[in-house]
Amino acid sequence: MLNSLGNSIESVLEFSLPMVILSVIIAVSLRIADIIKNKRKIVLYKEVLALFFMIYILCLFQVVTFQDTTYVTNNNFIPFKEIFRYSIGSRLFIKNVIGNVVMFIPYGFFCSYILKENKYQPILVLTLIASISIETTQLMIGRVFDIDDIILNTIGGMLGFYIYILFLKIREFYKPLFSKEWMLNIIAILLLIGFVRIIL
């Protein structure tokens, strides 16, 4: 199951790679120009997190607008109808149920991190807005609206929020370590290296 999910994530990254590379080059060059021109201080781990958020949004856009439509043929306004259509553990269950949850975990995490939010309500509202916007847009471009996708995306966003809360607790527990900027920079560099190895 985890192997199948990993393959799905890898195929999304591979599918989005040309757009991601082009966008990252443009965004990074603009950011460097802004730093040089305005003599801004560079905080490496914050720059890396901002880069990851941009890459995530680009991949999300690519998936929700260009993915195939062979699995759901009609609009679904009945909650849980599509979720219970798949056998647990099947390829379609992993792709359409687990995939929709996993796809929004980073959204919940990044929203929480950007807003420094430790209450779930704002993240719930932001996740619902994003998911409903995606489903409405899909309807407008000839794809289908699925209420179950909104439910699953919202679960993913909430999981992302709770991962952020867990991160805060770990950071508080290891405060001497995580209060050092150099340590956060090392973690950011390791994450960036790991990400580059995955996509290349």
Side-chain angles (χ1 to χ4, degrees), residues 1-2 4-6 8-9 11-13 15-16 19-20 23 27 46 48-86 88 90-171 195:
M1 186 165 154
L2 286 174
S4 180
L5 183 61
S8 294
I9 292 170
S11 67
V12 167
L13 291 171
F15 176 63
S16 306
M19 179 183 64
V20 167
S23 301
K46 289 184 178 180
V48 170
L49 277 173
L51 186 64
F52 274 140
F53 184 59
M54 188 191 77
I55 291 170
Y56 164 72
I57 292 296
L58 288 168
C59 290
L60 182 65
F61 169 78
Q62 189 90 339
V63 167
V64 300
T65 57
F66 294 105
Q67 197 178 38
D68 61 40
T69 58
T70 55
Y71 301 111
V72 183
T73 54
N74 298 311
N75 294 319
N76 173 35
F77 299 101
I78 302 168
F80 307 107
K81 178 182 172 185
E82 288 297 321
I83 292 173
F84 293 128
R85 196 178 111 184
Y86 310 110
I88 292 175
S90 69
R91 187 177 65 81
L92 290 178
F93 177 83
I94 292 166
K95 182 181 174 77
N96 294 327
V97 177
I98 304 297
N100 269 300
V101 172
V102 169
M103 184 169 65
F104 260 73
I105 289 174
Y107 188 81
F109 179 85
F110 280 121
C111 285
S112 304
Y113 172 77
I114 290 166
L115 297 175
K116 305 290 183 250
E117 186 57 67
N118 59 5
K119 293 181 181 170
Y120 77 89
Q121 293 93 334
I123 308 307
L124 176 63
V125 170
L126 288 170
T127 304
L128 280 170
I129 289 170
S131 187
I132 291 168
S133 300
I134 286 169
E135 290 303 309
T136 306
T137 302
Q138 286 180 334
L139 192 59
M140 292 166 60
I141 63 172
R143 294 191 57 186
V144 294
F145 181 98
D146 188 357
I147 189 80
D148 286 353
D149 285 355
I150 295 172
I151 294 168
L152 294 167
N153 294 163
T154 303
I155 291 169
M158 290 296 92
L159 284 173
F161 166 75
Y162 287 113
I163 289 170
Y164 172 74
I165 295 299
L166 179 63
F167 167 75
L168 290 183
K169 291 186 184 304
I170 292 169
R171 192 177 70 175
F195 178 76

Practice item. For residues 147-168, pull every pair meeting ring-ring contact (aromatic ring centres under 6.0 Å, His included), keeping only residues two or more places apart or in separate chains. Key: Phe109-Tyr164
Revision key, fill the gap. In short, Ile123 meets Met158 closest at the heavy-atom pair C-CE, 3.7 Å
Exercise for review: Answer whether the closest heavy-atom distance between the side chains of Asn96 and Glu82 falls below 4.5 Å.
Suggested key: no
Check your understanding: Who are the side-chain hydrogen bond (donor to acceptor under 3.5 Å, both in side chains) partners of Asn153, not counting sequence neighbours?
Key -> Asn100, Ser131
Review point. Can you tell me how far CD1 of Ile55 sits from CG of Leu60, rounded to the nearest 0.5 angstrom?
Key: 13.5 Å
**Study point:** Full working for side-chain contact (heavy atoms from CB on, under 4.5 Å) between Ile78 and Ile147
**Key:** CA-CA 7 Å; Ile78 302 168; Ile147 189 80; 5.5 Å; no
Review point. With sequence neighbours left out, what residues match Leu166 under side-chain contact (heavy atoms from CB on, under 4.5 Å)?
Key: Ile170
Would you be so kind as to tabulate the donor-acceptor pairs closer than 3.5 Å made by side chains of residues 132-140, with sequence neighbours excluded?
from	atom 1	to	atom 2	distance (Å)
Ser133	OG	Ile129	O	2.6
Glu135	OE1	Asp146	N	2.9
Thr136	OG1	Ile132	O	2.7
Thr137	OG1	Ser133	O	2.7
Gln138	NE2	Val64	O	3.0

Check your understanding: Which atom names give the shortest non-hydrogen contact between Ile83 and Asp148, and what distance separates them?
Key -> N-OD2, 3.0 Å
Practice item. Not counting sequence neighbours, which residues clear ring-ring contact (aromatic ring centres under 6.0 Å, His included) with Phe110? List them please. Key: Phe53
Review point. Are the side chain of Tyr86 and the backbone of Arg91 linked by a donor-acceptor contact shorter than 3.5 Å?
Key: no
Review point. Hey, what do you get for CD1 (Ile163) to OG (Ser112), rounding to the nearest 0.5 Å?
Key: 10.0 Å
Practice item. Start with the C-alpha distance between Met54 and Ile57, add both sets of side-chain angles, then the distance that settles side-chain contact (heavy atoms from CB on, under 4.5 Å), and finish with yes or no. Key: CA-CA 5 Å; Met54 188 191 77; Ile57 292 296; 5.9 Å; no
Practice item. Applying side-chain contact (heavy atoms from CB on, under 4.5 Å), name anything that partners Ile155, two or more places apart in sequence or on another chain. Key: Val101, Ile151, Leu159
Practice item. Begin with the C-alpha distance, continue with both residues' side-chain angles, and end with the deciding distance and a verdict on side-chain contact (heavy atoms from CB on, under 4.5 Å) for Asn76 and Val144. Key: CA-CA 8 Å; Asn76 173 35; Val144 294; over 6 Å; no
Practice item. Please collect all side chain to side chain donor-acceptor pair (under 3.5 Å) contacts where either partner lies in residues 113-130, sequence neighbours excluded, each pair once. Key: none
Check your understanding: Between Leu58 and Ser23, which heavy-atom pair has the shortest distance, and what is it?
Key -> CD1-CB, 3.3 Å
**Study point:** Those residues that, when tested against Phe77, pass side-chain contact (heavy atoms from CB on, under 4.5 Å) (two or more places apart)
**Key:** Asn75, Phe145
